[in-house]
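All values below come from the heavy atoms of this structure, side chains included, with hydrogens, waters and symmetry mates left out. Letters A, B, ... are given to chains in the order of the sequence lines, protein chains preceding strands, and every chain is numbered from 1. A quick note: this is a predicted structure, and the numbers were derived from the prediction, not measured.
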Amino acid sequence: MKYRTHHCGALRPSDAGSEVTLSGWVDSRRDHGGVIFIDLRDREGITQIVFRPEEYPAVAGQSHGLRSEDVITVTGKVAPRLEGTTNSKLETGGIEIIATQLTVLNKSDVLPFQLDAKVANEDLRLEYRYLDLRRPQMARNLRLRHRVTKATRDYFDEQGFLEVETPILSNPTPEGARDFLVPARLTPGSFYALPQAPQQYKQLLQVAGVEKYFQIARCFRDEDLRAERQLEFTQVDVEASFTTELEIQTLVEGLLARIFRESKGIEIPTPFPRMPYREAMDRFGSDKPDTRFGLEIVELSDIFAASEFKVFRSVLDGGGVIRALNAKGAAEKFSKEQLKKWEEWAKTELGAKGLAYIKTSPTGEWESPIVKFFSEAEKNALAERLNLETGDVLFFGADQWQGVCDVLGRVRLRCAELLGLTEGSGALNFLWVVDFPLLAFAAEENKWVAVHHPFTRPKAEDLSLLDAGEFAKVRAVAYDVVLNGVELGGGSIRIHERELQARMFEALGIGAEEQQEKFGHLLRAFSFGAPPHGGLALGMDRIIMLIAGTDSIRDVIAFPKNNRGQDLLTHSPVTVDFKQLRELHIQSTAKKG
RNA sequence: GGAGUCUUAGCUCAAUUGGUUAGAGCGCCGCCCUGUCACGGCGGAGGUUGCGGGUUCGAGCCCCGUAGACUCCGCCA
């Protein structure tokens, strides 16, 4: 038996008269008592099948029993549709198949949800993922994902890059996310860890002389989940030798252009704008600024330099800054009650000390809890610098630089959302954020930590600052690529000298002994002629999510896990019996529920 | 670990200030229907309103607890 001569999206009026065989699922049935229509669906499309009792009574009789999602094979003759019955919504809408033979390959039970309806219950979708994936939107997402990974492989191949697989069973890393551990049966008491990223291996491949490496790599991080996060996710990982920041960025711009061209048919302009980290924070309050709208943060410290308002006074005296942003025309949308809630939100969620505002009433009055503390000169300067007009709402941040940036950055995004500033915008604002700081002080741990990772190269002109212990001022040769306020990926030029790497570890408070224990292999590798190298990693799922136009990463992963890291289809993770644990020399301390 | 929102038929949702027998669309089942394409018509089945407790003459609705889902914060270079 032959299942098919054509796919369900293939036939056209020019095929009229030929005998064909199609296989697929019953998408819908329209039973008129006499004549019966079946929309037959496979992954390539839909074709209408007609069962005519006056011509083929036996087959027509058989067809009455068909139900949604039955799997069938139909043989018949391609016929142009009767005058006035063509369907312009279908690719195959000019023809139909007059069935002469019907084989039911497999009956289907009634589905738990209809494939053509909106399903809000994600549990149900995940439990029956194989049905969910039959839905056109999800099927499109799978295809889109294939197109993106294919474009990626083609691009890197053409650029002379080698795809090299690196171990899944690897070592725990002392920094970064929580590791997934895998007990090592052959070495009792020891554990592998699943890789958070192929970071060290890709650098070792450079020492190995691979020169141009890439991988579409699965990565694992045992942290709490989010809409755009999964326990396991996919990175496009790249690393090259004898390269520069500019070369890596140009390479990645080419990749993204290729991906958007082949998946969406969109030409994106390159090169992308570059913005130093410091500027991104100052203007947008974020290291991944969404530049599709203005609402920029404005410096006011000089205006209030002589302020007698105690809150501002103490902030300025303590070395902090006063800044504000102007939500143009927001006054009619933000009521006084809402603005009070904003302050509550800033305090509880953002850890701000407060969130002062000025709301201009239609009569031009300034409604604000703080404006009474301002002098006339301050008010005038403020209004001028922020271009304050009737209907505007100002939000103030007064704190240390970092705090003000964080709070106003979040306020900015929330304003944009509530004011619908990006609605209907087709803009694709790519940009590079560059010159990241190398180190940041972690107050809780009372130590310096790497902003990017410990292998990131300090800027040559800032090396003296590193030696002088002025860690906060040292910039890194690190860069993030951002699209519409979403970080697509990041990378850096690495340290390739053993000496410099040791100095970096030193700054991070990792002593000689710990260096040897945890990174000895890398330091030794660097001592055997490691070439200068650098690279970048992109969050593949996130990119596909943006291209697909969905807001959940789960929509672009075939079998994702839910918020608690469970696979509702297979019920993973599961408990295992004592015997299996004993072989691995481990024991569970979990309390039995 | 914390906050918010949600949970009513197989699915998507409704149910006035707490008030009769909890409704609709789709789906499902039966009958009718020979040109539909979200076919149509008639009829039918289908509910412990997540679970437990409380307030009340009376609770889907109010209160407390609990479970689950989602979103966010923490966390995640």
Side-chain angles (χ1 to χ4, degrees), chain A residues 27-40 46-55 57 60 64 67-69 79 81-90 92-93 96 98 109-128 131 173-179 196-197 199 219-231 233 235 287 341 344-351 406 410 413-414 436-440 442 444 449-456 476 478 480 487 489-492 508 537 539 551-552 554 562-564 566 568 593:
Chain A
D27 198 64
S28 68
R29 107 195 116 100
R30 294 176 291 282
D31 186 340
H32 290 252
V35 67
I36 293 169
F37 299 99
I38 294 289
D39 282 348
L40 186 64
I46 286 179
T47 298
Q48 173 164 286
I49 316 294
V50 195
F51 294 89
R52 287 183 172 156
E54 75 278 13
E55 291 178 67
H64 286 293
R67 292 293 180 272
S68 287
E69 300 304 310
R81 292 216 191 172
L82 303 176
E83 182 93 23
T85 65
T86 57
N87 184 349
S88 58
K89 281 187 263 179
L90 289 182
T92 60
E96 58 196 3
I98 297 160
D109 283 346
V110 175
L111 266 45
F113 53 84
Q114 289 162 255
L115 300 187
D116 58 357
K118 187 187 83 173
V119 185
N121 185 344
E122 201 175 15
D123 273 11
L124 202 66
R125 292 177 53 198
L126 292 174
E127 183 180 352
Y128 297 96
L131 298 180
T173 47
E175 307 211 358
R178 189 177 296 114
D179 289 304
Q196 296 180 26
Q199 183 60 37
C219 304
F220 305 85
R221 292 177 191 174
D222 188 9
E223 295 290 347
D224 289 358
L225 280 62
R226 285 281 196 288
E228 80 294 351
R229 262 192 245 162
Q230 282 275 300
L231 297 178
F233 59 98
Q235 276 189 352
D287 63 359
K341 281 187 191 158
E344 195 55 35
W345 167 75
K347 281 182 181 168
T348 55
E349 286 201 21
L350 313 183
D406 289 346
R410 292 281 301 274
L413 291 180
R414 188 166 160 176
F436 273 84
L438 183 72
L439 299 159
E444 324 75 84
V449 295
V451 168
H452 190 56
H453 58 53
F455 315 112
T456 303
D480 280 1
E487 182 193 329
S492 62
L508 293 169
D551 50 14
S552 172
R554 295 184 291 270
N562 72 2
N563 244 347
R564 306 179 102 200
Q566 299 163 328
L568 296 178

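Put simply, the side chain of Arg81(A) and the base of rC37(B) share a donor and an acceptor less than 3.5 Å apart.
A salt bridge links Arg554(A) to Glu122(A): at least one charged side-chain nitrogen sits closer than 4.0 Å to a carboxylate oxygen.
In this structure, Ile38(A) places its CD1 atom 16 Å from P of rU36(B), rounding to the nearest Å.
Taking the side chain of Arg226(A) as heavy atoms from C-beta on, and the options rC73(B), rU71(B), rG35(B), the nearest nucleotide is rC73(B). Set against rU36(B), rU71(B), rC13(B), the side chain of Ala120(A) has rC13(B) as its closest nucleotide. The side chain of Val110(A) approaches rC28(B) more closely than any other nucleotide in the set rC72(B), rC39(B), rC28(B). Which of rC13(B), rC11(B), rG35(B) sits closest to the side chain of Phe113(A) comes down to rC11(B).
The residue Arg67(A) sits close only to the backbone: its heavy atoms come under 4.0 Å of sugar-phosphate atoms, none of a base. If you check every strand for non-hydrogen atoms under 4.0 Å, Asp123(A) touches sugar and phosphate atoms only. Using a 4.0 Å heavy-atom criterion, one finds that Ala450(A) contacts no nucleic acid atom at all. Contact annotation for Glu122(A): backbone-only contact, meaning every heavy-atom pair under 4.0 Å involves sugar-phosphate atoms and none involves a base.
Dashed line: the shortest gap from a side-chain N or O of Arg30(A) to OP1 or OP2 of rU36(B) is not under 4.0 Å. At least one side-chain nitrogen or oxygen of Asn563(A) sits closer than 4.0 Å to the OP1 or OP2 atom of rU71(B). Contact between the side-chain N/O atoms of Lys118(A) and the OP1/OP2 oxygens of rC26(B) is not found at any separation under 4.0 Å.
The CG atom of Leu225(A) lies 6.0 Å from the CG atom of Asn563(A); values are rounded to the nearest 0.5 Å.
For Asp39(A) and Glu54(A), each mapped to the nucleotide of RNA chain B holding its nearest heavy atom, the one lying further toward the 5' end belongs to Glu54(A).
Under the rule for a salt bridge (Lys or Arg N to Asp or Glu O under 4.0 Å), Glu127(A) has no partner lying at least two apart in sequence or in another chain.
rU48(B) and rA9(B) have their C1' atoms separated by 13 Å, with the value rounded to a whole Å.
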